[in-house]
Amino acid sequence: MYDYLIVGSGLFGSVFAHEAKARGKKCLVVERRGHTGGNIYCEEKDGIRIHKYGAHIFHTSYKEVWEYANRFVEFNHYVNSPVANYKGELYNLPFNMNTFSKLWGVVTPKEAAEKIAEQRSAIGGEPQNLEEQAISLVGTDIYRKLIKGYTEKQWGRDCRELPAFIIKRLPVRYTFDNNYFNDRYQGIPIGGYNRLIEALLEGIEVRLGVDFNEKREELLPLAEKVVYTGPIDAYFGYSEGQLEYRGLRFETERLEEENHQGVAVMNYTEREVPYTRSIEHKHFEFGTGPVTYVTKEYPADWKPGEEAYYPVNDARNQELYGKYASLAKKEEKVIFGGRLAEYKYYDMDDVILSALQRAEEELGNGKD
Ligand code: FAD
Ligand code: UDP
């Protein structure tokens, strides 16, 4: 008999499993895919680690999460500084003095702020949607060249129908600083993300290629409790209706070239180019070999049964999620956690923090 049946071997499941084992509990992890790690899994080719489910950069301001992750892996000094490509014009991201200077020829922060203030006046009152929020943060020129096209292809809907919070993730700075994140700690695990997951799951039984929702009768009697990190609507057999997600399609090419685009992440911000990002994986780890791998990331409509990448946190879906969350509260022997079970736009550090907190609530503070 196991103490915990853990459904999903992504970061949430793996951190919880590690913490439970450290407190003397016996865990079984079941994973639908043919590998562990969920969306942070990387595939290695020609010595380059390819971020198979989208580029992942670890960044956090939670000291405890940084220290926790560093118990399992060391991080390199990678700092994410994507470049936006709008019809062949290149701009630094996030929106900062380098962007403003290239766009308007402004030199000082005061000039940039004046330009934005002038353009912002198009919006009065509290921003009601992503378009209004974006214009009020950076003005109409940046909205038109660097936000509108990217966002509408990413989410498959008009910027006026999207929640404002999505764009608030991006810093706006009046300094010459191309660091995409404001967080204190950042990097890519030395040796790759798989190493982090392998270290977390060391000594824990994992069964790959097992879908909990298909094998429920067989699996449930094996454990006292369940930790479920799959989609919450699937757990309840879609009884309240289906939650919507945004899908992605990745196209990866091997190129006989040392350096294809000179940066790990290039964003294609015009509507006409069908992909949003082009990722050159070797730059995450400062690779210098003779070949390179480049992945184009195409946003896609999502259909049930496909990988669910991004929750669509609009009003309709949040309301539906609320119904599932109430059902989840009644399941006393099940802990729901992670990006899919909580239907949240969580970053990796949020997921680790949340798994540590849930483990502590559940198991107490008996650290290893
Ligand atoms: P997942 O990684 O999704 O793990 C859930 C696991 O459960 C999966 O392995 C799945 O196969 C399995 N599963 C689901 N249902 C079942 C079932 N019925 N039976 C068995 N197994 C099941 N975060 C950052 O901090 N920085 C970034 O740069 C970043 N970039 C991202 C880019 C993209 C394109 C995406 C989609 C996300 C990105 N994230 C990033 C977020 C990050 O991926 C997540 O925060 C984190 O991986 C979520 O971990 P999780 O365990 O909650 O979910
Ligand atoms: N965004 C944009 N232009 C860019 C990059 C991002 O308009 O060049 C917007 C877009 O709406 C996106 C949001 O900012 O969904 C958040 O971007 P982030 O890079 O944090 O998205 P993620 O890494 O989660 O895909």
Side-chain angles (χ1 to χ4, degrees), residues 5-16 29-41 51-60 65 80 82-86 91 93-95 99 130 133-134 138 142-143 145-155 159 162-171 180-181 183 186 188 193 197 207-216 219 227-232 234-235 245-248 250 265-269 276-277 279 284 295 297 299 307-311 337-342 344-352 354-355:
L5 170 68
I6 296 172
V7 179
S9 64
L11 265 179
F12 192 97
S14 300
V15 168
F16 193 98
V29 176
V30 293
E31 168 57 55
R32 195 161 57 86
R33 296 179 187 172
H35 58 76
T36 56
N39 287 344
I40 69 173
Y41 172 75
H51 296 215
K52 196 157 179 228
Y53 302 94
H56 279 74
I57 300 106
F58 193 88
H59 57 97
T60 189
V65 170
N80 199 32
V83 172
N85 184 326
Y86 175 77
Y91 295 96
L93 292 173
F95 311 122
T99 330
L130 195 149
Q133 180 68 66
V138 287
I142 290 181
Y143 173 66
K145 286 195 169 180
L146 303 182
I147 297 177
K148 187 173 165 38
Y150 184 99
T151 300
E152 294 192 347
K153 59 188 172 181
Q154 166 77 355
W155 295 100
C159 284
L162 285 165
F165 81 86
I166 292 178
I167 197 72
K168 281 201 190 152
R169 283 168 62 90
L170 302 190
Y180 201 60
F181 303 112
D183 289 321
Q186 182 171 174
I188 303 286
Y193 285 98
I197 294 290
R207 294 188 196 163
L208 297 175
V210 177
D211 189 324
F212 168 79
N213 292 321
E214 284 168 10
K215 297 249 163 74
R216 217 178 261 232
L219 293 168
V227 174
Y228 181 84
T229 74
I232 191 163
Y235 179 90
Y245 295 89
R246 193 71 185 138
L248 288 176
F250 300 103
V265 183
M266 186 168 282
N267 288 6
Y268 284 81
T269 57
T276 45
R277 294 191 268 220
I279 309 297
F284 288 124
T295 302
E297 191 174 312
E307 290 302 342
Y309 285 102
Y310 292 97
R339 216 181 205 216
L340 299 168
E342 295 179 61
K344 259 199 182 145
Y345 197 173
Y346 266 153
D347 279 328
M348 291 182 274
D349 62 331
D350 300 316
V351 170
I352 293 176
S354 150

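Since we're looking at a predicted model, the values are computed, not measured. The figures here come from the full heavy-atom set of this structure, side chains too, leaving out hydrogens, waters and symmetry mates. First listed ligand is number 1; within each ligand, the first listed atom is number 1.
Taking all heavy atoms of Glu31, His56, His51 into account, the minimum distance to atom 31 (C) of ligand 1 is reached by His56. Nearest-heavy-atom check against atom 48 (C) of ligand 1 across Val351, Ile352, Thr276 picks out Val351. By heavy-atom distance, the residue among Arg216, Arg277, Met348 lying nearest atom 24 (C) of ligand 1 is Met348. Nearest to atom 34 (C) of ligand 1 by heavy atom, out of Tyr41, Tyr310, Tyr309, Phe12, is Tyr310. Ranked by closest heavy atom to atom 13 (N) of ligand 1, the top entry among Arg32, Glu214, Arg339, Glu297 is Arg32.
Closer than 4.0 angstrom to ligand 2 lie heavy atoms from Leu93, Leu146, Ile147, Tyr150, Thr151, Gln154, Trp155, Ile166, Ile167, Arg169, Leu170, Tyr180, Asn267, Thr269, Arg277, Tyr310, Tyr345.
Proximity of Val210 to ligand 1 is established by a heavy-atom distance of less than 4.0 Å. Not a single heavy atom of Phe58 sits closer than 4.0 Å to an atom of ligand 1. Distances from ligand 1 to the non-hydrogen atoms of Ala234 include no value under 4.0 Å. Ligand 1 is approached by Tyr53 to a heavy-atom distance shorter than 4.0 Å.
Of all heavy-atom pairs spanning His56 and Ile40, the tightest one is CD2-CG2, 3.7 Å.
Set against the non-hydrogen atoms of Gly230, the atoms of ligand 1 under 4.0 Å away are 14 (C), 15 (N).
In this structure Glu152 satisfies the salt bridge (charged side-chain N to carboxylate O under 4.0 Å, His left out) test together with Lys148, sequence neighbours excluded.
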